[in-house]
Amino acid sequence: MPPRFGPRPGPRGPGPVVLVAAAAGTGAGLMIASRRRPARVHHRYTDRVVVIRSGSGRNARIVCPRGIGPGQIIEICVEDQVYFVTVPQGVGPGQIFEVQLSEAPLPPTFSPAAAIVSDNHGVWSRVRYEHLQGAEQAWSRQSFFHASCLFVQSRTGSFSVFKEYGTSKAVEQIKHRFYNEFKHELFPELTPIPTVHVVSTAANVPSQPEQQQAISMSQPSAPPAPPSYETSVNTQGGDGAAGEFPPAYDSRHT
């Protein structure tokens with residue numbers, strides 16, 4: 001068995017990290033160790049990790065642990081940063097392999113907001129929490145003599161029930177009031193602002209000459225002027241007096 005160098009790993013933490021300088025180009029075609037935690041980790045590596053620095057980045061040289069095979073995930077710690085390594089195909093327990101350490105920054109963690117709504121026999125209360133951890137601490141101090149619901153926010157902004165207590169009827173009433181009333185009150189920034197659509201009517205408004213023409217056509221025409229009459233003066237005497245109209249002609253006297 002080859003001798004081991006450096007302190008032996010303890011049961012409570014990973015082993016030491018040994019830094020080794022390497023030529024440029026080392027690590028081409030290697031698997032990349034991710035910093036994103038997977039759904040399942042098969043082994044936490046507590047042995048020594050050899051880190052090889054090169055011009056293209058850093059590589060980690062580790063020994064495949066006992067009972068671990070290809071496709072399984074190992075958790076390693078390098079310079080206080082946690083990485084997750086997938087064992088390559090063809091590697092078995094006791095064999096040494098290398099992986100490239102990802103230099104990408106750790107993705108930001110999502111801390112959902114939460115709210116607790118309670119119905120204490122007709123006395124309603126609702127509290128907003130910026131983080132789920134604070135809401136869970138408050139939930140642990142909740143009284144179990146009335147109905148309550150703990151709502152948690154998703155990445156898309158919607159809410160769902162995370163924890164509930166009470167009869168089914170009381171819980172349904174809490175859900176109804178939260179989704180229709182309390183959510184808009186506690187989280188006003190999530191309430192959509194109604195969009196106002198402005199319709200331009202400039203194309204339908206006639207121009208000023210067209211307006212004047214339409215007004216003149218809509219007004220009724222003036223009544224016709226009365227007929228003019230000519231006045232004749234009788235200077236020869238007769239039945240009519242001077243300055244009066246002559247008597248109307250009657251064909252019955254002819």
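In summary, R37 and E75 engage in a salt bridge, as defined by a charged side-chain N under 4.0 Å from a carboxylate O.
Of all non-hydrogen atoms in E185 and P188, the two that sit nearest each other are O-CD, 3.7 Å. The minimum heavy-atom distance linking L186 with A115 is given by the pair CD1-CB, 3.9 Å. Taking both residues in full, the closest heavy atoms of H131 and S111 are given as ND1-OG, 2.6 Å, listed atom of the first, atom of the second, then distance. Here the closest non-hydrogen pair linking A147 and G166 is CB-CA, 4.1 Å. Between Q81 and Y83 the shortest heavy-atom distance is OE1-OH, 2.8 Å. The heavy-atom pair separating L150 from A135 by the smallest distance is CD1-CB, 3.7 Å.
Side-chain atoms of F84 and I74, non-hydrogen and from C-beta on, never get closer than 4.5 Å to each other. The closest side-chain heavy-atom distance from Q173 to D119 is below 4.5 Å.
Between the side chain of S118 and the backbone N or O of N120 there is no donor-acceptor pair closer than 3.5 Å. No donor-acceptor pair closer than 3.5 Å links the side chain of R61 to the backbone N or O of V50.
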Next on the checklist: Pair K163, Q142 - check side-chain contact (heavy atoms from CB on, under 4.5 Å), show working.
Outcome noted: CA-CA 12 Å; K163 294 181 180 180; Q142 283 284 109; over 6 Å; no
Checklist entry - Under the side-chain contact (heavy atoms from CB on, under 4.5 Å) criterion, do Y45 and V85 qualify, and how do the steps go? => result CA-CA 10 Å; Y45 196 77; V85 178; over 6 Å; no
Next on the checklist: salt bridge (Lys or Arg N to Asp or Glu O under 4.0 Å), that's the test. Do E79 and R58 meet it? Break it down for me.
Outcome noted: CA-CA 12 Å; E79 298 177 350; R58 299 181 302 166; 2.8 Å; yes
Checklist entry - Passes salt bridge (Lys or Arg N to Asp or Glu O under 4.0 Å), K175 versus E172? Steps please. => result CA-CA 5 Å; K175 293 179 182 179; E172 288 301 323; 3.7 Å; yes
Next on the checklist: side-chain contact (heavy atoms from CB on, under 4.5 Å) for S160 and V152? Distances and angles first, verdict last.
Outcome noted: CA-CA 6 Å; S160 60; V152 64; 3.9 Å; yes
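Looking at residues two or more places apart in sequence or on another chain, you find a side-chain contact (heavy atoms from CB on, under 4.5 Å) between Q137 and Q133, R141. Applying the side-chain contact (heavy atoms from CB on, under 4.5 Å) rule to H42 yields the partners R40, I68, Q72, I73; only residues at least two apart in sequence or on another chain are considered.
Connection of I62 to V51 is established within a shared hydrophobic cluster, with ILVMFWY side chains joined at heavy-atom distances below 4.5 Å, either directly or through further cluster members. Hydrophobic clustering places L101 together with F97 (ILVMFWY residues linked when any side-chain heavy atoms are closer than 4.5 Å, directly or through intermediates). Put simply, V91 and V41 are part of two different groups of oily side chains (I, L, V, M, F, W, Y) that touch within less than 4.5 Å, one to the next. In the hydrophobic clustering of ILVMFWY residues, with side-chain heavy atoms under 4.5 Å counting as a link, I116 and L132 come out together. Under a hydrophobic-cluster definition in which Ile, Leu, Val, Met, Phe, Trp and Tyr are linked whenever side-chain heavy atoms come within less than 4.5 Å, directly or via other members, V161 and Y129 are assigned to different clusters.
Separating the CG atom in N59 from the CD1 atom in I32 is a distance of 10.0 Å, to the nearest 0.5 Å.
The ring pair (Phe, Tyr, Trp, His ring centres under 6.0 Å) contacts involving residues 132-171 comprise F144-Y165, F151-F178, F151-Y179, F159-F178, F159-F187, where partners must be two or more places apart or lie in separate chains.
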